[in-house]
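Atoms within each ligand, like the ligands themselves, are counted from 1 in listed order. Only this structure's heavy atoms are used, side chains among them; waters, hydrogens and symmetry mates stay out.
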Amino acid sequence: MIYKRSSALFAEAKQFIPGGVNSPVRAFKAVGGDPIFVKEAKGAYLYDEDGNKLIDYISSWGPLILGHAYEPVINAVIDKAKKGTSFGMPTEIETQLAKLAVSMVPNIDKIRFVNSGTEACMSAVRLARGYTRKDKIIKFAGCYHGHSDSFLIQAGSGAVTFGSPNSPGVTQGTAKDTLLAAYNDLDAVRTLTKANKGEIAAIIIEPVAGNMGCIVPTDDFIHGLRELCTEEGIVLIFDEVMTGFRLAKGGAQEVLGVMADIVTFGKVIGGGLPVGAFAARTEIMDYLAPDGPVYQAGTLSGNPLAMSAGLAMLTELNNNPEVFKSLANKTEYLHKGLKKVLSDKDVAFQINRFGSMLSVHFTDTPVVDFETSAKGNNELFKKYFHGMLAQGIYLPPSAFESYFLNDALSYQDLDDTIAALENIKF
Ligand code: KE4
């Protein structure tokens, strides 16, 4: 594979954009080398600026669950754009998407649209604090809820890669209200709630984690969290930016059988355009301005183009729920194939999987939290990443990420991916 034009474009981008990218994880810092500049994409395939065709396993970090340039979504956006792009006034399509999302997801009555997952999670925490009149939150090491100050404490995803899980610029005043626990460690949460009795507004969690690789909660942990929050009057926030409308119509709440108090969304809900959202029962959501005291706003929130992409995407998923099973089957097939190949090589590895999320870790320790995820051998991961890329397989450029399969992937694509791994010498 030749990447000359991507490298030239990256050199130029760095003159005008910090680090040459608009989101750090795209810069390949965790794996080395220059990032790939994509020209266009269709279905399961990326076409880069050097004319290479790549099988895509990040699907824009989750949104493109049905594949790139999915006709119904593209047509909806084109039709809407011809009637104007933004008005700063309410439009019917916002209500249409809100009604559909509320009908698909359990335990929510109302939803507020924003422009990113970060905004959704940031707003959800403010709402929880306003609703409970308490200040502190508990998050989990390795979970990533976007780049709002309160969350950049032992954050996952790109924040880990850049060794700045506690980013400069986050004040002590902010950091003191964010308490940390290890994922899957209910005792740690109990200890924190006891030591901060009556002061904790919310616990925010990725119900299936995807920012330290893919990590599945134990039943005891996730059900125990729900019970603890109910007992202590703490708002349980499920950050479903990754899992929402990906694991099932009703996301992780449906699949795990655990109801959160506030749920945040992003990625799939926007069909590839910038949409985030947060939702809850009426009694909580009505605390939001303009009817309630908790302020939250956005010029492009509910943008008609973004709403049209989201409505087309969720309509497809709502009408064809078998896609979730199809995706889970493909992910299981890929898991089994990769496991078989790696088992025949002299390398320690773990493969975590849930629904259409998967991650590969080069360690002999089961990966159940940030600490065990960080034990992965990154040199082996780099060899894996670049070895696969050289054969036209585009994987997440960091061990602290998850694969997001799209349903445009064929079983031939999966076989080609498994075969490519055969050629890598560890
Ligand atoms: P955004 O602000 O990037 O739309 O969403 C933040 C966010 C919130 N919650 C979860 C569970 C998330 O995974 C994310 C963002 N995910 C990363 C991928 N790990 C986005 C990729 C990037 O940062 O460029």
Side-chain angles (χ1 to χ4, degrees), residues 17-30 35-36 38 56-65 113-125 137 139-162 164-165 167 183 204-217 237-247 251-252 260 262-278 298 300-301 303 306 309-310 354-359 370 373 394-404:
I17 301 170
V21 292
N22 286 303
S23 197
V25 75
R26 303 176 191 167
F28 276 26
K29 289 284 188 203
I36 306 293
V38 64
D56 182 19
Y57 283 98
I58 70 167
S59 308
S60 179
W61 299 103
L64 302 164
I65 191 170
F113 294 112
V114 293
N115 302 281
S116 69
T118 294
E119 257 195 284
C121 294
M122 175 183 79
S123 307
V125 164
I137 63 170
K139 78 174 285 288
F140 295 89
C143 281
Y144 179 72
H145 306 292
H147 63 90
S148 168
D149 283 5
S150 296
F151 302 137
L152 290 182
I153 317 287
Q154 277 291 303
S157 183
V160 179
T161 303
F162 301 93
S164 58
S167 170
Y183 202 85
I204 184 166
I205 188 167
E206 294 178 51
V208 173
N211 286 292
M212 35 185 162
C214 173
I215 294 185
V216 185
I237 302 174
F238 271 9
D239 175 354
E240 293 220 45
V241 167
M242 280 182 167
T243 57
F245 308 106
R246 169 165 283 278
L247 297 184
I262 300 177
V263 192
T264 65
F265 302 101
K267 300 180 193 284
V268 174
I269 197 171
L273 267 67
V275 179
F278 57 110
L300 294 173
S301 295
N303 171 270
F354 197 96
S356 54
M357 294 168 67
L358 179 144
S359 57
F370 175 60
S373 177
Y394 193 75
L395 304 176
S398 162
F400 296 106
E401 297 294 349
S402 172
Y403 300 17
F404 297 100

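- By heavy-atom distance, the residue among G244, A120, A209, G146 lying nearest atom 7 (C) of ligand 1 is G146.
- Between Y144 and ligand 1, at least one N/O pair is under 3.5 Å apart.
- Atom 22 (C) of ligand 1 has S23 OG, 3.3 Å as its closest protein atom, hydrogens excluded (heavy atom only).
- Counting only distance, with no hydrogens or angles, the side chain of S60 and the backbone of P63 share no donor-acceptor pair below 3.5 Å.
- At distances below 3.5 Å, at least one donor-acceptor pair connects side-chain atoms of K139 with backbone N or O atoms of I153.
- Remark: side-chain polar atoms of S59 are not paired, donor with acceptor, to backbone N or O of W61 under 3.5 angstrom.
- Not one N or O on the side chain of S301 forms a donor-acceptor pair closer than 3.5 Å with the backbone of V114.
- In this structure, E240 has no heavy atom closer than 4.0 Å to ligand 1.
- The shortest N or O to N or O distance between E401 and ligand 1 is below 3.5 Å.
- Remark: ligand 1 atoms within the under-4.0 Å shell around heavy atoms of W61 are 18 (C), 21 (C).
- Distance alone, capped at 3.5 Å, places no donor-acceptor pair between the T243 side chain and the V208 backbone.
- At least one protein heavy atom sits closer than 4.0 Å to atom 13 (O) of ligand 1.
- Ring planes of F151 and H145: perpendicular class, angle over 60° (limits at 30 and 60°).
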### Message
ring-ring contact (aromatic ring centres under 6.0 Å, His included) for Y57 and Y394? Distances and angles first, verdict last.
### Response
CA-CA 6 Å; Y57 283 98; Y394 193 75; 9.6 Å; no
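- The proximity of T118 to ligand 1, defined as any non-hydrogen pair under 4.0 Å, involves the side chain as well as the backbone.
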### side chain to side chain contact (heavy atoms under 4.5 Å, CB included) assessment of F404 paired with I65
CA-CA 8 Å; F404 297 100; I65 191 170; over 6 Å; no
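- If you look at H145 next to ligand 1, the close heavy atoms, those under 4.0 Å, all belong to the backbone.
- One N or O on the side chain of E240 and one on the backbone of A252 form a donor-acceptor pair closer than 3.5 Å.
- At a 4.0 Å heavy-atom cut-off, ligand 1 touches K267 through the side chain alone.
- The two atoms that bring P35 and A27 nearest to each other are CD-O, 4.0 Å, heavy atoms only.
- Those atoms of ligand 1 that come under 4.0 Å of a heavy atom in M242, given as number and element, are 13 (O), 19 (N).
- Of the protein's non-hydrogen atoms, the one nearest atom 19 (N) of ligand 1 is N211 OD1, 2.4 Å.
- Each of the atoms 7 (C), 8 (C), 9 (N), 10 (C), 12 (C), 14 (C) of ligand 1 lies under 4.0 Å from some heavy atom of V241.
- Polar contact check, E206 against ligand 1: no nitrogen or oxygen pair lies under 3.5 Å apart.
- Closest to atom 9 (N) of ligand 1, if we only count protein heavy atoms, is D239 OD2, 2.7 Å.
- Every N/O-N/O distance between G210 and ligand 1 stays at or above 3.5 Å.
- The protein heavy atom nearest to atom 5 (O) of ligand 1 is G117 CA, 3.3 Å.
- Here is the list of ligand 1 atoms found below 4.0 Å of a heavy atom in S116: 2 (O), 4 (O).
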